[in-house]
Amino acid sequence: MRYLNVAEKNDAAKNIAAILSRGASQRREGFSPYNKIYEFDATVMGQQAHMIMTSVSGHLLNYEFGPSFRNWKSCNPVALFDAPVVKMCPEDYQKIKRTLEREIRSCQGLIIWTDCDREGENIGFEIIKVCSDVKPNLRIYRAKFSEITAASIFRALNTLGQPNKNVSDAVDVRQELDLRTGAAFTRLQTLRLQRVFPQKLADRLISYGSCQFPTLGFVVERYQAIQDFIPEPFWKIKMNHTVNDITTEFTWKRDRLFDKNACEAILDICKESPNATVEKVEGKPKSKWRPLPLDTVEMEKTVSRKLKITAKDTMKIAEKLYTQGLISYPRTETNIFPKELNLANLVTLQQNDQRWGAFAHRIMNEGGPAPRQGKKSDQAHPPIHPTKHADNLTGNEQRVYEYIVRHFLACVHKDAQGFETVVTADIAGEKFTAKGLIILEKNYLEVYTYEKWNAKEIHSYQQGDTFIPSVLELYEGATAPPKLLTEADLIALMEKHGIGTDATHAEHIDTIKTREYVGLHENIYFVPGTLGMGLVEGYNNIGLEVSLAKPILRADFEKDLKLICDGLKDPEVVRREQIQKYRAVFETVVEKMRQIDECLANRLADRPQVVEDEHYENVEVRPVLKCPKCGNDMTIRNKKNNAGKFISCTGYPDCRNAIWLSQNVETIEVLDESCPQCGPNVKLVKMKFKQNVFVGEPNPNTLCIGGCDINVLEALDINLSSVKRTNGVRNNQNHNIHQANANNVPNNNHNNGHTQNHPNPRRDSWPSNTTTFNPTPGPSGPSNRSNTTMNQDDIVCACNLEAVQLTVRKDGPNKGRKFYKCKNQTCDFFLWASDEPSNANTTINSQQQNDVKCKCDLPASRRTVSKEGPNKGRPFYCCPKPMGQGCGFFQWADEDNDGGGDGGPGDDGHGGGPQRRAPKTKTSRGAPPYRAKRKCSKCGQEGHTKNKCPN
DNA sequence: GCAAGGTC
């Protein structure tokens with residue numbers, strides 16, 4: 001049995017391989033220089049196995065918008081909430097992907113060794129996808145480990161489990177939402193504000209991110225709190241007592257008063273009889289607690305405060321120390337050591353160090369490590385601790401390593417012990433207290449040099465002692481505003497509100513600095529810049545239920561993600577709800593953008609330019625149909641150099657299915673309505689042609705290109721296999737014709753009063769074509785005129801101009817026939833001068849039964865219901881005129897001609913009584929396009945097109 | 001040129 005083992009990063013693969021192979025692995029190269037391959041033998045589930053170990057480098061796949069949405073001006077940013085997204089392997093990860101694809105071929109099993117957190121689980125599924133695509137039916141296992149130590153790794157191998165899809169799904173939802181919201185708001189802000197404030201913002205990227213904005217919001221909020229702060233004066237009584245150079249400071253029990261007169265009055269009373277009496281002397285042991293086991297956030301905060309290294313640098317250094325095997329995984333939320341972790345061994349590892357080796361010895365000599373237990377656990381990684389001794393580090397790496405070791409040794413030792421004395425004295429009824437502290441045992445403080453515990457010496461008092469204070473006076477102070485946020489404060493706020501992960505707090509802070517939303521005051525305090533201030537004020541003031549600059553939106557999202565992980569909420573539901581939520585916010589922002597301009601104008605001290613709405617190319621967002629090859633959506637895109645349109649699979653480049661439209665297609669719009677014949681996945685499209693392909697029909701025309709009408713596909717030169725799953729059987733044309741009629745003719749009012757899209761379902765290739773359907777005017781043309789005697793003066797084209805009468809000169813069955821068309825040739829109007837049926841009339845006319853007449857007194861057409869339902873196969877008569885222009889006559893062919901009947905052939909439940917209802921002339925949506933047989937444009941015969949013309 | 005999350 002051969003297993004491919006995949007870790008999340010190369011160093012992890014290397015270390016795991018070293019452990020499992022007991023140092024005897026063979027190294028090979030992958031396609032990527034970073035991700036090596038290690039080979040060795042091991043025992044897996046009691047059996048000898050050959051192991052191939054390699055790694056990815058974090059996520060292997062990433063969500064991206066479909067190609068037509070990547071250009072910033074390709075679409076209105078709001079479209080990004082619906083735009084198709086695909087998971088792609090970025091170019092610089094292709095080599096890693098290829099390595100996996102190559103290596104899995106020789107294996108029967110796959111073991112996922114990614115980090116045991118949410119992202120790791122998702123990365124695991126990415127690896128599974130890539131490998132399964134190449135090799136289905138793999139045995140797939142998940143190794144769960146919390147640190148790369150022999151014990152943990154062997155335990156993982158001996159307790160292999162299954163990957164957790166719920167956890168991975170949550171990450172997918174998170175990724176998609178972050179992409180959509182980030183891109184939509186970033187484009188909106190950047191494109192607009194660059195033009196509104198060209199002087200100040202022309203070259204600025206004004207990004208939005210669901211983490212960076214709330215982080216900015218914290219900085220602004222604190223800054224505003226300081227700005228809004230009004231100091232309030234207060235007064236207190238200061239009292240101290242000096243004996244033999246020792247000054248004991250007493251604190252007034254009332255602390256402070258905000259009324260000067262009252263304070264002065266009390267002081268006066270005290271001064272009248274200033275003799276202080278010691279009422280009580282209390283002594284009690286006092287501890288200073290050792291730190292909790294170290295988690296990421298605590299490390300970032302303390303290192304930032306004490307070592308003045310930014311959180312971003314700290315994490316970078318910690319990552320490096322981890323990959324060198326010197327410390328445990330640095331991204332952890334856990335502050336409880338697992339029972340199985342051998343702390344004594346870890347302490348012993350540090351015993352030879354010159355700086356803290358003696359302390360490590362002392363721990364072992366005083367009962368061994370005894371950590372405090374925190375309350376947090378991510379169930380994935382233990383608290384950060386040293387895993388190896390190192391004394392060759394330098395610079396900040398050394399400082400961070402030293403901090404981690406000292407913290408570890410401190411947290412497994414003992415609290416510092418002291419003795420506190422509290423003295424209470426009375427002066428004229430006012431109480432004062434003084435505290436003294438004697439430190440008995442420094443314990444952890446001896447190694448944890450980042451904290452101080454100062455002893456405070458006070459005079460030795462006994463109960464009943466009296467003394468005259470050395471100082472007894474009024475002290476005037478004022479309340480002070482809160483301080484500006486430090487990085488440690490900011491991280492604490494992010495953690496509290498669930499903004500970002502332990503691994504990313506530092507990056508978000510760095511981002512808002514890079515964007516110049518915030519700056520640093522005295523190098524440690526965060527202050528908002530003018531842009532950041534204006535943006536937050538803008539978003540806070542436009543009446544959003546929840547401002548984008550507040551943490552609530554993201555925090556709510558995180559709660560949902562947790563529910564997905566726990567299997568309590570459907571990821572698809574969360575995805576839909578969250579998209580909807582953010583889209584609503586986006587729409588409000590767009591609506592109120594001018595208010596945001598004003599806030600920014602105020603802060604930037606710049607006048608906003610009046611700008612027109614951004615022009616977008618308006619890519620069609622709605623999918624036209626599902627790709628028959630891969631099932632992804634197919635959407636309309638522009639060809640290169642604006643040379644027309646095509647409909648492309650959003651699975652590109654994995655799926656290269658495309659529907660190429662000729663340059664004759666001027667516009668194409670996807671309608672809301674699905675094709676009743678092709679089903680809900682195929683939308684009708686409205687196409688406008690430069691030169692009308694379907695002469696006599698309206699232009700633009702509503703069509704289905706889903707393959708239900710082979711004529712449409714042929715006319716547009718669309719390959720059936722690109723729109724429909726084919727198994728070698730072509731669609732039945734007659735079926736389609738019948739279906740169309742059955743749906744539309746007798747019972748065409750079942751769509752909210754709308755009727756057929758095609759007032760004229762017949763088409764021809766005007767007028768040089770030799771086929772002889774009866775073309776009639778488009779929607780704007782004069783209806784019902786084709787059957788009456790017409791003067792040329794009566795004929796008005798779609799431009800509302802008098803039409804010109806011409807004669808067909810081209811050889812063919814229509815040679816010599818007269819027709820009308822637009823005299824300026826600005827519209828596609830066409831009308832035969834006479835409605836005499838041509839001798840080439842086919843399909844419809846061939847079905848006419850001359851003994852039944854419609855209300856126009858024309859021989860009615862006999863047709864058959866082909867739509868599924870109780871009337872399928874039943875013959876009926878209807879007006880032969882095109883939809884929208886006939887009389888609406890309907891009669892079952894198998895019943896007496898009594899004008900009654902039990903309803904039309906439609907099976908939509910709306911049957912009964914609509915038989916004689918005249919079709920409305922307005923176009924409708926929802927009814928299937930009516931199609932007739934198409935004829936060859938070369939010879940005029942049915943059954944083939946010009947491309948396949950045998951003549 | 002967008003996000004956040006992995007990592008190199």
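Lettering of chains follows the sequences in order, A, B, ..., and the numbering in each one begins at 1.
Among the nucleotides B:dG5, B:dG1, B:dA4, the one closest to any side-chain atom of A:Ser210 is B:dA4. Considering only side-chain atoms of A:Glu8, the nucleotide from B:dG6, B:dG1, B:dC8 that sits closest is B:dG6. For A:His508, taking side-chain heavy atoms from C-beta onward, the closest of the listed nucleotides B:dG6, B:dC8, B:dA4 is B:dA4. Side-chain proximity of A:Arg554 to B:dA4, B:dG6, B:dG1: nearest is B:dA4. Ranking B:dA4, B:dG1, B:dG6 by closeness to the A:Asp178 side chain, first place goes to B:dA4. Comparing B:dA3, B:dG6, B:dG1 against the side chain of A:Gln212 picks out B:dA3 as the nearest.
Among the atoms of the strands shown, base atoms are found under 4.0 Å from some heavy atom of A:Arg174. Residue A:Gln175 is in base contact, counting any heavy-atom pair closer than 4.0 Å across all strands shown. A:Tyr208 comes within contact range of the sugar-phosphate backbone alone, with a heavy-atom separation under 4.0 Å but no base atom that close. If you check every strand for non-hydrogen atoms under 4.0 Å, A:Gly500 touches sugar and phosphate atoms only. Heavy atoms of A:Asp115 sit under 4.0 angstrom from primed sugar atoms or phosphate atoms, though from no base atom. Looking at heavy-atom distances under 4.0 Å, A:Ser57 makes contact with a base. Note on A:Glu121: nothing from the nucleic acid sits closer than 4.0 angstrom, heavy atoms only.
Computed from coordinates, the A:Phe557 CZ to B:dA4 C1' distance equals 10 Å when rounded to whole Å. Taking atom NE2 on A:His505 and atom P on B:dA4, their separation rounds to 12 Å, with Å as the unit. Taking atom CE of residue A:Met315 and atom P of nucleotide B:dG5, one finds them 13 Å apart after rounding to whole Å. Regarding A:Arg575, its CZ atom lies at a distance of 21 Å from the P atom of B:dA3, rounded to whole Å. Taking atom CD of residue A:Glu64 and atom C1' of nucleotide B:dA3, one finds them 13 Å apart after rounding to whole Å. The interatomic distance linking A:Glu29 (CD) with B:dC8 (P) rounds to 15 Å, in whole Å. Rounding to whole angstrom units, CD of residue A:Glu558 and C1' of B:dA3 are separated by 14 Å. Taking atom CZ of A:Phe125 as the reference point, atom C1' of B:dG6 lies 17 Å away to the nearest angstrom.
Residue A:Thr190 places no side-chain N or O under 4.0 Å from the OP1 or OP2 atom of B:dC2. Regarding contacts with the backbone of B:dC2, every side-chain N or O of A:Gln189 stays at 4.0 angstrom or more from both OP1 and OP2.
With contacts defined as side-chain heavy-atom distances shorter than 4.5 Å, the pair A:Arg515/A:Arg204 does not qualify. Contact annotation: the side chain of A:Thr181 approaches that of A:Phe81 to within less than 4.5 Å [non-hydrogen atoms, C-beta and beyond]. Side-chain contact check for A:Asn10 versus A:Tyr38: some heavy-atom pair is nearer than 4.5 Å. Between A:Arg142 and A:Cys116 the shortest side-chain heavy-atom distance falls below 4.5 Å.
By the 30° and 60° cut-offs, the orientation of the rings of A:Tyr582 relative to A:Phe557 is perpendicular.
A 6.0 Å sphere centred on CD of A:Gln199 holds no more than 12 heavy atoms belonging to other residues, nucleotides or ligands. Around atom CD of A:Gln26, no more than 12 heavy atoms belonging to other residues, nucleotides or ligands sit under 6.0 Å away.
Below the 3.5 angstrom threshold, one finds a donor paired with an acceptor across the side chain of A:Tyr93 and the base of B:dG6.
Of the residues in residues 511-518 of chain A, those with a non-hydrogen atom less than 4.0 angstrom from any atom of DNA chain B are A:Arg515. Of the residues in residues 9-20 of chain A, those placing a heavy atom less than 4.0 Å from an atom of DNA chain B are A:Lys9, A:Asn10, in numerical order.
Each of A:Ala184 and A:Thr501 was assigned the nucleotide of DNA chain B with the nearest heavy atom; the assignment lying further toward the 5' end belongs to A:Ala184. Map A:Glu507 and A:Ser207 each onto its nearest nucleotide of DNA chain B; the residue landing nearer the 5' end is A:Ser207.
With salt bridges taken as basic N to acidic carboxylate O contacts below 4.0 Å, none links A:Lys312 and A:Glu487. Ion pair A:Arg594/A:Asp597 not flagged as a salt bridge, since none of the NZ, NE, NH1 or NH2 atoms sits closer than 4.0 Å to an Asp/Glu carboxylate oxygen.
In this structure, the separation between NZ on A:Lys581 and CG on A:Leu553 is 5.5 Å, given to the nearest 0.5 Å.
In the model, A:Thr511 has no side-chain atom that pairs as donor or acceptor with a side-chain atom of A:Gln212 under 3.5 Å.
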